[in-house]
There are 2 protein chains.
Amino acid sequence: MPEKLTDKDISLTFAKGLEVLAAFDAEDRELTIPEVARKTNLNRTVARRLVLTLEHLNYLECNNRVYRLTPRILRLAGGFLQGRDIGKHVSPILATYSEKLKGSVSFAMLDGNEAVYVAHSPGDPRMITLGFTVGSRLPLHATAIGRALVAFSGWETRERLLEVAPRVKYTCSTKIDLDDLRDDLDLSVRNGFVYVQDEFEQGVASLAVPVKRPDGALIGSLGIVGPNPRFSNEKNKLEKVRLLHECAGSIAMIV
Amino acid sequence: MPEKLTDKDISLTFAKGLEVLAAFDAEDRELTIPEVARKTNLNRTVARRLVLTLEHLNYLECNNRVYRLTPRILRLAGGFLQGRDIGKHVSPILATYSEKLKGSVSFAMLDGNEAVYVAHSPGDPRMITLGFTVGSRLPLHATAIGRALVAFSGWETRERLLEVAPRVKYTCSTKIDLDDLRDDLDLSVRNGFVYVQDEFEQGVASLAVPVKRPDGALIGSLGIVGPNPRFSNEKNKLEKVRLLHECAGSIAMIV
DNA sequence: ACCTTATTGATCGATAATCGAACATATGTT
DNA sequence: AACATATGTTCGATTATCGATCAATAAGGT
């Protein structure tokens with residue numbers, strides 16, 4: 001007997017529809033209906049109806065059988081960003097500290113097994129920041145901003161994340177051993193900040209601090225990235241940490 | 001006999017689900033299930049199942065019966081933003097021109113009857129830019145960036161937008177007469193830019209130019225906002241227009 | 001504190017929306 | 001041109017969805 005998957009409280013069609021929507025990601029900006037069906041493991045007819053629904057609702061536009069997202073999707077994101085006053089309050093704060101820190105500052109939150117950029121203030125326009133922006137996702141283990149989300153979570157969450165989050169070896173320096181990571185997390189908690197170097201990209205380092213609500217609950221993390229030498233002066237690094245903490249305090253008030 | 005609404009090609013459940021998701025907007029960052037049902041005109045049970053589905057998929061989180069969006073929604077937005085290289089290419093360009101123009105620069109696209117901010121580069125951090133950010137929506141008729149989207153569309157789209165887009169009178173200067181608007185649009189097309197003053201907020205002016213693909217198709221519009229005096233020097237204003245056009249050219253290459 | 005009223009949560013059979021096999025059409029390959 | 005492959009569409013069977021109804025909880029009044 002095929003297992004009864006009818007949860008009665010979960011709308012399968014809706015869940016499939018969201019999968020279709022999510023199929024249009026950074027890798028696949030354009031997809032045909034059969035491609036969607038393959039990527040989502042849905043029956044072609046089902047994928048078709050869901051895609052057509054999305055087109056009908058103006059979430060997708062079609063050009064010669066090829067579909068791609070329209071800016072309509074930003075409406076949904078706007079609900080989140082504006083609801084949490086990201087644009088009104090967080091971004092200006094980031095911009096201010098971006099000046100003080102002379103570089104781009106990013107605010108990330110936990111999304112499943114990844115860190116997702118919620119706000120981002122580009123520093124010097126000339127310095128291309130690897131193209132990260134709102135909605136960009138980063139691994140939890142190999143970046144400071146991600147590792148901060150793990151380190152400053154409660155014990156339970158922390159262990160769960162260590163367990164379930166994928167640990168890709170991006171460089172030869174990437175820590176992927178669980179105990180190594182635990183040690184690093186412990187150290188980070190003692191320090192009050194996370195420093196990661198060469199683990200995501202050779203020669204690139206990142207620094208991050210937690211953003212916590214007054215009651216101690218972790219909201220997100222705040223980080224900066226740059227070539228290693230920028231962090232080599234220890235005193236300078238601690239000054240950056242101080243500024244990040246200050247910035248985190250301001251953000252914590254409003255989110 | 002109740003009209004048969006079964007379009008066979010449109011998934012009603014999915015459409016309803018997206019409505020539920022969209023119910024969480026800037027005004028209502030937090031909603032209970034019955035509130036969602038009321039706002040979307042859905043049966044309470046239906047709303048419940050859709051909300052529970054969203055919670056199950058981590059798009060919503062629940063705190064004491066109150067639901068709100070999680071950053072997961074940014075994943076979907078990320079598909080759009082990264083797919084169109086907004087973060088990698090558009091934002092840096094905006095940042096560069098934001099320096100040259102000494103103020104924030106925004107890139108908007110058409111979404112239904114509204115303009116939606118797709119990218120935004122804050123200028124001087126001290127100058128709070130009214131809290132607009134990615135996903136913010138603006139009316140088409142009362143802002144330069146919105147009016148540019150109408151003016152530089154093809155004739156058919158332009159007339160449709162004039163017809164269907166709501167024309168709210170934000171200030172006593174807001175143009176709401178169709179023929180007044182048409183005149184202004186014609187003028188804007190002749191000029192190659194849109195200038196709007198006092199129509200959205202007293203004392204605030206905005207300047208915008210179209211972003212067109214090489215083949216002439218309108219992609220979006222690029223605009224700046226500021227207190228009226230900033231645009232009072234005509235020569236200076238034209239220099240801003242020139243920079244905006246330059247910026248638009250750079251963006252047109254990549255989107 | 002008690003009862004009443006209003007609001008919200010959960011159940012379950014009828015119904016209509018969804019599914020997917022099968023067919024039709026388009027595309028490209030030898 | 002004929003074949004093979006990939007994509008689009010149809011339509012009846014199935015089952016997920018709907019919403020009236022009931023249960024539980026919260027709010028309000030005396």
Could you check whether the rings of B:Tyr170 and B:Phe200 sit parallel, tilted or perpendicular, using 30° and 60° as the cut-offs?
perpendicular
Rounding to an integer number of Å, can you tell me how far B:Leu12 CG sits from C:dC19 C1'?
15 Å
Look at the side-chain N and O atoms of A:Lys16 and state whether any lies under 4.0 Å from the OP1 or OP2 oxygen of C:dT18.
no
Go through the steps for B:Glu114 and A:Arg75 under the test salt bridge (charged side-chain N to carboxylate O under 4.0 Å, His left out), then give the verdict.
CA-CA 11 Å; B:Glu114 295 174 306; A:Arg75 250 186 223 220; 3.4 Å; yes
Spacing between A:Phe14 atom CZ and C:dC19 atom P, to the nearest angstrom
14 Å
Report yes if a donor N or O on one partner sits less than 3.5 Å from an acceptor N or O on the other, where the partners are the side chain of B:Arg44 and the base of C:dG9; otherwise report no.
yes
A:Ser106 and A:His120 side chains, donor-acceptor separation under 3.5 Å
yes
Can a donor-acceptor pair be found, under 3.5 Å and without considering hydrogens, that links the side chain of B:Arg29 to the backbone of A:Gly83?
yes
Check: A:Arg65 side chain, D:dG8 base, donor-acceptor under 3.5 Å
no
Does a side-chain N or O of A:Arg48 approach OP1 or OP2 of C:dT18 to a distance below 4.0 Å, or not?
no
Measure CD/B:Glu19 against P/D:dC18 and give the value in whole Å, please.
13 Å
A:Asp9 CG to C:dC12 C1': how many Å, rounded?
13 Å
Would you say the base of D:dA20 and the side-chain of B:Thr45 have a donor-acceptor pair closer than 3.5 Å?
yes
Between B:Glu159 and B:Arg182, is the closest basic N to carboxylate O distance under 4.0 Å?
yes
Rounded to whole Å, how long is the line connecting atom CG of B:Asn64 with atom C1' of C:dG9?
14 Å
Could you tell me the separation between the CG atom of B:Leu50 and the C1' atom of C:dA10, rounded to a whole number of Å?
16 Å
Heavy-atom nearest nucleotide on DNA chain D for A:Ile33 versus A:Ser11: which residue maps closer to 5'?
A:Ile33
Quick check: on DNA chain C, is the nucleotide nearest B:Arg38 upstream (toward 5') of the one nearest A:Asn43, or the reverse? Name the residue that is more 5'.
B:Arg38
Closest to the 5' end of DNA chain C, once B:Leu52 and B:Thr13 are matched to their nearest nucleotides, is B:Leu52
Over all strands shown, is A:Thr32 touching base, sugar-phosphate only, or nothing at heavy-atom distances under 4.0 angstrom?
nothing
What's the CG-C1' distance between A:Leu42 and C:dC19, to the nearest Å?
11 Å
